[in-house]
Amino acid sequence: GAPFPKEIAQSGPDALRIVWTDGRESLYPVLLLRRSCRCAACVDEWTGKPLLDPGKVPADVRPVEIRPVGRYALGIAWSDGHDTGIYTFEFLRSLA
């Protein structure tokens with residue numbers, strides 16, 4: 001099947017590191033991840049138009065909780081109070 005995270009960890013204050021089951025390692029700037037949220041509050045579900053103003057995301061935003069969502073995604077709660085985003089493994093791989 002498709003690769004999934006076998007290890008998730010902070011990599012310094014500004015990055016998230018994921019090691020995948022196929023051995024690939026990906027580093028994600030946390031600010032980019034927060035700005036890439038595709039939940040209904042951040043992206044219009046019908047048009048796909050971004051609703052989130054990237055400039056309104058604090059530069060020092062950090063994940064405060066990362067939880068699995070089924071066997072296909074991660075849910076991330078952010079220090080700016082946003083917690084409805086689901087980041088599918090497929091989407092995370094496309095960002096890497």
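At a threshold of 4.0 Å, the pair R62-D80 does not count as salt-bridged, since none of the basic side-chain nitrogens sits closer than that to a carboxylate oxygen.
Nearest heavy-atom pair, T84 versus C39, reported as atom, atom and distance to 0.1 Å: OG1-SG, 3.2 Å.
Taking the side chain as every heavy atom from C-beta outward, P29 and D14 never approach each other to under 4.5 Å.
Taking CG of D83 as the start and CD1 of I76 as the end, the distance is 11.5 Å to the nearest 0.5 Å. Between R93 atom CZ and T88 atom OG1 the span is 12.0 Å, to the nearest 0.5 Å.
With hydrogens and angles disregarded, no donor-acceptor distance shorter than 3.5 Å links the side chain of Y87 to the backbone of S36. In terms of modelled atom types and a separation under 3.5 Å, the side chain of R38 and the main chain of V43 share no donor-acceptor contact.
V69 and I18 end up in different hydrophobic clusters when Ile, Leu, Val, Met, Phe, Trp and Tyr side chains are linked at under 4.5 Å. L27 and L92 are assigned to two separate hydrophobic clusters, defined by single-linkage of ILVMFWY side chains at heavy-atom distances under 4.5 Å. Cluster membership for V19 and Y28, using ILVMFWY side-chain heavy atoms within less than 4.5 angstrom, is not shared.
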Please tabulate, one pair per line, all N/O donor-acceptor pairs under 3.5 Å involving side-chain atoms of residues 45-57, not counting sequence neighbours.
from	atom 1	to	atom 2	distance (Å)
T47	OG1	D44	OD1	3.3
T47	OG1	K49	N	3.1
D53	OD1	G55	N	2.9

Let me have the donor-acceptor pairs involving side chains of residues 1-9, under 3.5 Å, with sequence neighbours excluded, atom names and distances please.
from	atom 1	to	atom 2	distance (Å)
E7	OE2	R17	NH1	2.9
E7	OE2	R17	NH2	3.2

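Atom CZ of R71 sits in a sparse spot, with 12 or fewer heavy atoms from other residues, nucleotides or ligands closer than 6.0 Å. A 6.0 Å sphere centred on CD of E90 holds no more than 12 heavy atoms belonging to other residues, nucleotides or ligands.
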Requested in this report: Given side chain to side chain contact (heavy atoms under 4.5 Å, CB included), test L95 with L33 step by step and report yes or no.
Outcome: CA-CA 9 Å; L95 282 178; L33 279 180; 3.9 Å; yes
Report task. Tell me, with the steps shown, if W78 and V30 meet side chain to side chain contact (heavy atoms under 4.5 Å, CB included). Result -> CA-CA 10 Å; W78 295 97; V30 293; 4.1 Å; yes
Query - Steps toward side chain to side chain contact (heavy atoms under 4.5 Å, CB included) verdict (L16, Q10) - result: CA-CA 5 Å; L16 189 69; Q10 281 289 133; 4.0 Å; yes
